[in-house]
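We number each residue from 1, following the sequence as shown.
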Amino acid sequence: MHDAPRRVVVEGGPGSGKTTLALRLLHSWATQDDWTGPSIQLALFVPLRELRGSTLAHYLSKELLPKTALSGGASPWGGGGGGSCGGSGNGFAQVWKCLGLLEDRLLFVLDGYDEAVTLGGQEGKGQGGTGTGSGREALGDAVELLEGRMFPECRILITCSPGWSSELFPLVQRRVLLHGLDWAHVERLVTAYFTGNKKPESANRFLEVVYASQQVLRPLACWPLGWLLLCVLFEEEGGHLPTDTLDVHQALFKCLIRRSLVRKGEILMPSGTSSDLPGHCKKLLAEFGKLALTCIKEERFLYTDGEIRAHCRGGGLEVTELGFLTRGLNFGRSHNQKKRADYFTPMIRTFAEFLAAYYISSVVHYANILRRELEDLPGMSGGVLGSSLDNNTVLILRFLMGLLGRKGHLVFNQLCPLDFPTRTLFMLLQASGPSEANVAAVCRLLGASSGSWVGLGNGTSGTSSKVPVPLVHTAPLELEGWSHVLRSEACTLEALELVFQFDKGADYEEHLDAFFTALSSNDSVRLVRISSLLGHEFTATEVDRLAGYVKTTLSKSRLHTFELVITCLEDSAHDRFQSLVDALCEGLEQDASPSLNKLVLDLNLGTCQVVQLCGALEHTDQVTVLHLPHLGCGRDGLRAIARLIRARPLVALNLSGSWGMRREDPPSSSGVSVGRAISECCSCYRPVMSIDAHRSKRALWSSGESERFTAERKETDERGSGSGSSGGVGSGVSTLQHMVKQPSLTSNISPKTTTSSSYYFSSLPRGIMGGYNSLSRPATLPRQPLQQLLLDGYSNSSSGDSKRNSDSVLFQRLFHPLPACDPAVHSGSGFHDVFDAARDPACKLRSLNVSKCLLGAEDALCLGETVRRSLCLDALRLEGGTRLGEVLPVILGLADNTSIQLLDLGSQRLILEDGPTQLVCQSLAKNSSLRLLSLEGWTFRIEVSNNMHCPSLPYVLFIYLFIYLFIYLFIYLFKFKH
C-alpha cells in the first residue's frame with residue numbers, strides 16, 4: 001500500500017492473521033501511528049461475507065456507517081459542499097457522491113474473499129443454485145469495484161486464503177504472502193510471556209527445545225497463536241514438549257480441554273499424564289470432526305453456528321467452548337440484533353485436519369463408511385500413481401494412521417495400489433508403526449506379497465519376465481520402509497533395485513545398514529540390482545561402504561541375479577572402484593550364493609580389473625550368464641574374457657557397447673569396411689558383356705597371370721585354414737579376404753572424407769538389451785571413425801545405374817563369399833580371442849551380444865566365421881550397426897549355420913540396394929535353423945523389378961509380417977488380460 005500499486009491481495013491460511021493485519025493497517029491510519037503510507041482521507045472496511053449479495057451502498061448505509069455520518073451536513077472528506085438534513089437517503093447520497101470525488105485518496109479493505117464465495121456457494125446450492133456462480137453472486141457489486149468499473153481510482157486491499165489468489169491475479173498488481181512470524185519476533189514474544197509469568201529462565205529452555213525441532217515445533221511456533229499454545233503446554237508439561245506431530249496435537253487438545261473444564265468447574269484432569277479425555281468430549285470432537293472433514297472437502301475452514309448445531313449433539317455450541325476455535329468478528333449492525341450468524345475458525349489450521357482424522361478413526365470398523373470417507377478426500381478420486389496428492393489429504397491420513405496405530409491395516413486394506421506413491425505409503429506406515437499386519441497390508445499395495453506382478457518368471461536363465469522392478473531410492477524414509485517390508489513374512493518380492501543418490505548433509509549409514517541387513521536375511525528376493533543416477537559421483541568412503549554391501553548381498557542364500565551398474569561420466573574412474581572390484585572378487589570366490597546364475601557388471605572396468613574379475617569367475621562355476629557391457633579395457637581385457645570362456649562353461653555373454661582396443665591403441669591395419677570393398681569390386685563389372693569385353697577378360701588369364709592368381713589364392717586358403725576355417729571355403733573366402741586387404745581400396749576414398757588416423761566419437765543410444773539382458777539405461781557409446789562412415793557403398797546411391805546393375809550381376813551370378821578370419825591381421829584385436837573361443841568345439845556359449853560394439857572389418861569377418869562354424873550358439877545380437885560391412889559377414893555365415901535361432905541386426909542406419917538385398921535373401925533362404933530375425937530400422941531400395949521375383953525375398957517379407965502380427969497379438973492379449 002505504500003508503493004505505486006493501488007490493488008494488493010494478501011494471501012494466508014486460516015488463522016494466519018489476515019483480518020488482524022487489515023485491522024492493524026486501519027488502526028495505524030486512523031491514529032496516524034507509524035503511518036507512512038499514501039495520503040488517505042477515507043478508509044472503509046468491508047467484510048465480504050456480510051454482503052450476502054447486497055450492494056456496497058446498501059451495506060455501507062445500513063450496516064457499517066453510523067447514522068450520524070448520514071444525517072447530512074458538510075462532508076468531512078471534501079470534494080463537495082454540504083447536503084440536506086432531511087433524511088438518511090439524501091445524506092448517504094451525498095456521502096456516495098463524495099466517495100467518487102476522493103479518487104486515490106479512498107481506500108477499501110475487502111476482507112475474506114474466499115469466505116464470501118464459499119459461503120455464498122453453499123447457500124446457493126441449498127436454494128437450488130450452482131456452486132461457483134452463486135458464490136460470485138454473494139459479492140454483489142463488489143465485483144465491479146474489483147474490476148475497476150466502480151471507483152476506478154481508489155485503492156484496494158483484499159485478503160483471501162491460498163488457492164484463491166489465482167482468481168484475483170488479473171485484478172491486482174501485487175501479491176503478499178503471509179508465512180507467519182519470523183524467529184526474532186517469536187523470541188521477543190516468548191521472552192515477554194515467561195517474564196510476565198515470573199519465569200524468565202524458562203524462555204531460553206523453551207526456545208532451545210522449539211528450535212531443535214525444525215519440522216514440527218518451529219513452524220507451529222511461528223504461527224500467530226501457535227507460540228502462545230506451546231508456551232502454555234510447556235508450562236503444564238513441566239518444561240517438556242513432544243516432538244512428533246500427532247503427539248503435539250493430542251497434547252494441545254488435552255491442554256485446551258483441561259483448561260476449559262477447569263473454567264467450567266468440572267473435575268480437574270491431572271496434567272503431565274497420559275490420561276484420556278472424558279467420554280462426552282470425545283463424542284464432541286468426533287462429531288465436530290465430521291463437519292471439519294466436510295468443509296475440508298469444500299476447501300474452507302470457516303464454520304457457522306448453524307452448521308455446528310446441526311452436526312453436534314444436542315444442537316448446542318458446547319464444542320465452541322473447548323478452546324480450539326476462535327469466534328470471527330462481525331461488524332454490521334444486524335449482528336447486534338441477532339440477525340446474522342456467528343463464524344468460527346480453528347486457532348491453527350492443522351486442528352481441522354486432526355479433527356477430521358479423529359472422526360474417521362471413530363468409524364474405522366465400518367468398512368462402507370470408511371471407504372466412502374476415504375474416496376471423498378481431495379485428490380483420492382483420481383487414482384493415478386505419482387499424481388500430486390492434496391496436502392490436506394496427506395496430513396489427514398498421517399493423523400489417522402497415528403491415531404489407529406496397530407489397526408492401521410484397516411485403512412491400508414481400503415486403499416488401491418495406484419492411490420499413493422511408494423514414499424507416501426511408507427510415510428503412513430511410519431505413522432502407524434511397523435506391526436506385522438500393517439507391513440503385510442503395505443506389501444500388498446507395493447506388489448510385494450503373494451500374487452504380485454513383480455517376479456522373475458520361472459526363474460530360469462534367459463526367460464525372466466519383462467516386468468517393472470521396484471525402485472528403492474536412498475532416502476531415509478524409503479530405506480526404513482523397505483527394511484520393514486523385507487523383514488516381513490508376507491513379502492514374496494523377487495526383484496529389487498537400489499538407486500544410490502546421496503544428498504549432502506544427510507546421514508544414511510544407519511538406514512543403509514538396516515536395509516542391507518534385512519535384504520540379506522530375506523529369502524524371496526532373487527534379483528538385486530544396485531545402480532546410480534547419471535552424474536552422481538561416489539566419494540572414497542561411499543565406495544568402501546558400497547563394497548561392503550555388495551559382498552554382503554552376494555552371499556544371499558537364494559540370490560539368482562546380481563547387477564551392479566555405476567554410471568561414470570569420466571573414463572579414468574578405474575582406480576576409484578578398485579575396492580569395489582576387490583569386494584566383488586572376494587565375494588565370488590568365497591561366499592557367493594550357490595544359486596547365483598547371472599552377473600551384470602557395468603562400472604567402467606579397467607584392464608587389470610577385468611583380468612582380476614575373470615580370474616575370480618573361473619572359480620565360480622555357478623555363474624553361467626555374464627554381462628560386461630561398455631568395456632573400454634581393450635584387447636588384454638577381452639583376452640581374459642576369452643580365457644574364461646575356454647576355462648569354464650558360459651551360457652550367455654553380453655559385451656554390448658565395448659571396444660576391441662583402448663582409445664590409445666592404434667586401429668587395425670584393415671581399416672576398410674567390407675561394404676566399401678564389395679562396392680569397389682562391384683564397380684569393376686557390367687551386367688552385360690560384349691564379345692570383345694569377354695575376350696579381353698579371358699585374355700587376362702594368361703599363363704603368368706593365372707599362376708600369380710593361383711598362388712595368391714593358395715596363400716589365402718592356407719591362412720584361412722590356419723585360423724581354423726574349413727578347407728572347403730573355396731574361392732569365395734579368398735576373394736572376400738583379398739578384397740578386404742587390397743591396398744588400392746584405401747587410395748580411392750572420397751576426398752570429402754578425412755584421411756587422418758585420429759578417431760572421432762559421438763553418442764549413440766544403448767537401447768534395450770533383450771534376451772539375457774536386463775539393463776535399459778542410456779549412455780555414451782563409441783561410434784565408428786567418421787572416416788569410415790562414408791566407406792559403405794550401399795549407403796550412397798550416387799554411383800548411378802551402372803553401379804546398381806553391376807551389383808545385381810555380381811551378387812546373383814559371380815560372387816558368393818564366405819567370411820573367414822585371418823589371424824595374422826586380426827590378432828591385435830581383443831574381439832578375435834573372444835570370437836575364436838566362441839567357435840571352439842568345446843565352447844558351450846549359447847547367447848552372444850555384441851550390439852553397438854566398435855567392430856572393424858576384421859572383427860566382422862571373424863564374427864562371421866564364428867557364426868558359420870559354431871554348433872551351440874543359438875542367439876546373436878548385433879544391433880546398432882553403422883555399415884553394411886559389420887553385418888554382412890554374419891548374414892553370409894548363416895548359410896552354413898545349423899544352430900542359430902535368434903538373430904537381431906536392428907539398425908536405423910543401414911540402407912540396402914538391389915545387390916545386397918538379393919545376397920541377404922539368398923543367405924537367409926539357405927538357413928534352416930533361424931526362428932526369429934530382427935531387421936528393425938533397415939531400409940531396402942528395390943529399384944530393379946526383376947529382383948522382386950527372387951523367391952527368397954517374399955519369404956523374408958512374409959516372415960517379417962508374421963513377426964509383427966505376432967507381436968501385436970501378444971500386446972493385445974497382455975492388455976486384455978490385465
Not counting sequence neighbours, list each pair that qualifies as a ring-ring contact (aromatic ring centres under 6.0 Å, His included) and has a residue in residues 357-380. none
Could you tell me whether the side chain of Thr118 reaches within less than 4.5 Å of the side chain of Glu298, counting heavy atoms only? no
Check: Pro242 main-chain N/O paired with Asp247 side-chain donor or acceptor under 3.5 Å: no
Any salt bridge linking Glu307 with Arg300? Criterion: basic side-chain nitrogen under 4.0 Å from a carboxylate oxygen. yes
Return the SG to CG distance between Cys416 and Leu445, rounded to the nearest 0.5 Å. 8.5 Å
Leu229 and Leu233, any side-chain heavy atoms less than 4.5 Å apart: no
Provide the closest heavy-atom pair for Leu99 versus Leu106 in the form atom of the first, atom of the second, distance. O-CD2, 3.7 Å
For Gln430 and Arg398, what are the C-alpha separation, side-chain angles and deciding distance, and is it a side-chain contact (heavy atoms from CB on, under 4.5 Å)? CA-CA 9 Å; Gln430 186 184 57; Arg398 287 184 61 186; 6.0 Å; no
Which heavy atom in Cys154 sits nearest to a heavy atom in Leu145, and how many Å separate them? SG-CD1, 3.8 Å
Closest heavy-atom pair, Gly12 versus Pro162, reported as atoms and distance to 0.1 Å, is O-CD, 3.2 Å
Would you mind reporting whether Leu285 and Phe324 have side-chain heavy atoms less than 4.5 Å apart? yes
With a 4.5 Å cut-off on side-chain heavy atoms, are Val109 and Leu23 touching? no
So which heavy atom on Pro152 is nearest to which on Gly148, and how close? CB-O, 3.3 Å
What distance separates Ser432 OG from Leu404 CG, expressed to the nearest 0.5 Å? 8.0 Å
Could you check whether Phe399 and Phe354 have their ring centres less than 6.0 Å apart? yes
Counting heavy atoms not belonging to Gln414, are there more than 12 under 6.0 Å from its CD? yes
Would you say the side chain of Val186 lies within less than 4.5 Å of the side chain of Val210, judging by non-hydrogen atoms? no
Taking the side chain as every heavy atom from C-beta outward, state whether Val232 and Arg259 have any atom pair closer than 4.5 Å. yes
Look up atom CG in Leu425 and atom CZ in Arg423, then write down how far apart they are to the nearest 0.5 Å. 12.0 Å
Evaluate the criterion side-chain contact (heavy atoms from CB on, under 4.5 Å) for residue pair Met427 and Val394; output intermediate values, then yes/no. CA-CA 9 Å; Met427 180 186 64; Val394 175; 3.2 Å; yes
Is there a donor-acceptor pair closer than 3.5 Å between any side-chain N or O of Asp141 and the backbone N or O of Glu144? no
Is there a side-chain contact between Pro278 and Leu261 (heavy atoms, below 4.5 Å)? yes
Stepwise, does the side-chain contact (heavy atoms from CB on, under 4.5 Å) test hold for Thr393 with Leu397? CA-CA 6 Å; Thr393 300; Leu397 291 175; 4.1 Å; yes
Roughly how far apart are Leu403 CG and Ile360 CD1, rounded to 0.5 Å? 10.0 Å
If you count heavy atoms of other groups shown closer than 6.0 angstrom to NZ of Lys297, is the number above 12? yes
Atom CG in Leu146, atom CD1 in Ile158: separation rounded to 0.5 Å? 4.5 Å
Is a donor on one side and an acceptor on the other found under 3.5 Å between the side chain of Thr345 and the backbone of Leu302? no
Full working for side-chain hydrogen bond (donor to acceptor under 3.5 Å, both in side chains) between Tyr343 and Glu115: CA-CA 10 Å; Tyr343 301 94; Glu115 298 173 356; over 6 Å; no
Could you tell me whether Trp96 and Phe151 have their ring centroids closer than 6.0 angstrom? yes
Looking at Glu318 and Lys264, does any basic side-chain N land under 4.0 Å from a carboxylate oxygen? yes
Ile396 and Ala356: which non-hydrogen atoms are nearest, and at how many Å? CD1-CB, 4.1 Å
In this structure, are over 12 heavy atoms from other groups packed under 6.0 Å from Asn368 atom CG? no
Going by the side chain to side chain donor-acceptor pair (under 3.5 Å) test, which pairs reach into residues 12-32, not counting sequence neighbours? Thr19-Asp111
Just so I know, are the side chains of Pro47 and Tyr59 near enough to count as touching, which here means a heavy-atom distance under 4.5 Å? yes
In short, Leu370 meets Val364 closest at the heavy-atom pair CD2-O, 3.7 Å
Parallel, tilted or perpendicular: which one describes the rings of His249 and Phe351, with boundaries at 30° and 60°? perpendicular
Thr304 OG1 to Arg49 CZ distance, which is reported to the nearest 0.5 Å: 11.0 Å
Taking Val8 as the fixed residue, which of Gln173, Arg155, Arg174 is the one that meets the side-chain contact (heavy atoms from CB on, under 4.5 Å) rule? Arg174
Between the side chain of Ser361 and the main-chain N/O of Leu400, is any donor-acceptor distance below 3.5 Å? no
Heavy-atom neighbours of Arg349 CZ exceed 12 at 6.0 Å: yes
Below 3.5 Å, can you tabulate the donor-acceptor pairs from side chains in residues 286-296 to any protein atom, sequence neighbours excluded?
unit_1: Glu287; atom_1: OE1; unit_2: Arg313; atom_2: N; d: 2.8
unit_1: Thr294; atom_1: OG1; unit_2: Lys290; atom_2: O; d: 3.0

Would Thr350 and Trp223 satisfy side-chain contact (heavy atoms from CB on, under 4.5 Å), going step by step from the backbone distance to the final call? CA-CA 11 Å; Thr350 54; Trp223 208 247; over 6 Å; no
